[in-house]
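Every number for a ligand or one of its atoms is a count from 1 in the order of the listing. For the numbers below, each heavy atom of this structure counts, side chains included, while hydrogens, waters and symmetry mates do not. Just so it is clear, the model here is predicted, and its values are computed rather than measured.
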Amino acid sequence: MTNPPRVTPATLELLPAVDVRGGQAVRLVHGESGTETAYGDPLQAALAWQRAGAGWLHLVDLDAAFGTGDNREQIAEVVRAMDIRVELSGGIRDDETLAAALATGCTRVNLGTAALESPDWVARVIAEHGDRVAVGLDVRGTTLRGRGWTRDGGDLFETLARLNAEGCARYVVTDINKDGTLRGPNLDLLRSVCAATDRPVVASGGVSSLDDLRALAGLVPEGVEGAIVGKALYAGAFTLEEALRATEAETT
Ligand SMILES: O=C(O)c1ccccc1NCC(=O)[C@H](O)[C@H](O)COP(=O)(O)O
């Protein structure tokens with residue numbers, strides 16, 4: 001299968017994150033269940049990012065990802081309330097969960113565990129839905145993790161080669177060791193993934209400062225299209241308006 005050549009965006013896209021667990025917007029450390037800090041109503045958080053000028057929202061159903069239930073109705077309500085694009089993640093693993101996710105009207109879905117455990121299904125979904133499907137590559141070192149990041153799922157670069165060949169449109173790359181820690185993104189990991197694919201890459205996990213975002217903006221020519229930002233925004237390390245200004249200045 002051939003894909004169109006990568007189109008380099010003018011600026012780094014920013015995707016503020018709203019991760020939902022037990023009906024609340026939460027942040028985790030290393031994506032581990034039980035490390036939640038709660039930040040209130042997910043809808044209010046999403047509306048705040050939209051008002052601040054976000055072009056995208058990264059929305060995660062953590063209960064669906066961990067297999068502890070789901071927040072489906074609430075997630076659908078958040079998507080309905082957004083005028084901006086929404087990337088939806090968490091527990092999308094079969095036809096039923098995929099159909100429900102796409103039916104929310106989100107712009108695209110992010111498949112994680114399924115890409116590791118159900119490769120035939122994922123190949124079919126990629127062929128059917130093209131750009132509406134991204135694959136989340138959640139890694140420790142160069143080993144992938146699935147099931148809410150609790151199980152090993154094979155080698156990053158072998159899986160990437162398989163997904164490239166199947167026509168996967170986009171990757172969301174998370175270094176689990178960095179996620180929710182405010183320790184800065186793993187730029188080396190992102191560079192090595194960009195070198196192994198001609199598809200756009202969305203960086204996730206660890207952003208702590210405007211300098212981190214400037215560093216990610218510096219990787220736009222290599223293929224980093226966007227950055228998901230969670231904890232730094234909730235902890236008040238910078239505002240979304242400042243982040244948007246910093247990334248525009250860096251990439252224009
Ligand atoms: O995205 C998922 O499906 C997921 C599954 C299990 C645990 C966490 C998951 N996502 C977490 C995120 O997408 C974070 O919001 C994102 O990496 C932001 O990280 P940070 O800026 O370090 O808070």
Numbered in order shown, the ligand 1 atoms found under 4.0 Å of a heavy atom of Val60 are 1 (O), 2 (C), 3 (O), 4 (C), 13 (O)
Heteroatom proximity flag, Ser204 to ligand 1, N/O under 3.5 Å = yes
Salt bridge present between Glu225 and Arg170 (N-O < 4.0 angstrom) = yes
Please identify which atoms of ligand 1 are closer than 4.0 Å to at least one heavy atom of Ala17.
-> 15 (O)
Heavy atom of Gly136 under 4.0 Å from ligand 1?
-> no
Which one holds for Leu62 and ligand 1: side chain close, backbone close, both close, or neither close, with close meaning a heavy atom under 4.0 Å?
-> side chain
Pi-cation contact, Trp56 with Arg108 (under 6.0 Å, within 45°) | yes
Touching ligand 1 at all, Gly112? Heavy atoms, strictly under 4.0 Å?
-> no
Derivation of the salt bridge (charged side-chain N to carboxylate O under 4.0 Å, His left out) call for Arg21 and Asp63 | CA-CA 6 Å; Arg21 184 135 211 220; Asp63 284 303; 3.0 Å; yes
Which is it for Val207 and Leu213 under the side chain to side chain contact (heavy atoms under 4.5 Å, CB included) test, yes or no, and what are the steps along the way?
-> CA-CA 7 Å; Val207 168; Leu213 290 176; 3.8 Å; yes
Residue Gly180 vicinity, atoms of ligand 1 by number, heavy atom under 4.0 Å | 20 (P), 22 (O), 23 (O)
Answer whether the closest heavy-atom distance between the side chains of His129 and Leu102 falls below 4.5 Å.
-> yes
If the plane angle is over 60° it's perpendicular, under 30° parallel, otherwise tilted; pick one for Trp49 and Tyr234.
-> perpendicular
Ligand 1 to Leu28 polar contact by distance, N or O atoms, under 3.5 Å | no
What atoms in ligand 1 come closer than 4.0 Å to a heavy atom of Lys231?
-> 20 (P), 21 (O), 23 (O)
Proximal ligand 1 atoms for Ile228, defined as those under 4.0 Å from one of its heavy atoms | 16 (C), 18 (C)
Is the closest side-chain donor-acceptor distance between Tyr171 and Asn110 under 3.5 Å?
-> no
Would you sort out whether Arg124 and Glu128 count as a salt bridge (charged side-chain N to carboxylate O under 4.0 Å, His left out), showing the intermediate values?
-> CA-CA 6 Å; Arg124 176 166 63 76; Glu128 274 175 25; 3.4 Å; yes
Sub-4.0 Å atoms of ligand 1 with respect to non-hydrogen atoms of Asp19 | 11 (C), 12 (C), 14 (C), 15 (O)
Does a salt bridge link Arg162 with Glu166, judged by any charged N lying under 4.0 Å from a carboxylate O?
-> yes
Part of Asp179 with heavy atoms under 4.0 Å of ligand 1, whether side chain, backbone, both or neither | both
Counting from 1, what ligand 1 atoms have a heavy atom of Ser89 closer than 4.0 Å?
-> 1 (O), 2 (C), 3 (O)
Short N or O distance, Lys178 and ligand 1, threshold 3.5 Å exclusive = no
Judging by distance only, is a nitrogen or oxygen of Val207 under 3.5 angstrom from one on ligand 1?
-> no
Which ligand 1 atoms, with their elements, are less than 4.0 angstrom from a heavy-atom of Gly90?
-> 3 (O)
Heavy-atom distance under 4.5 Å between the side chains of Glu87 and Ile228, does that happen here?
-> yes
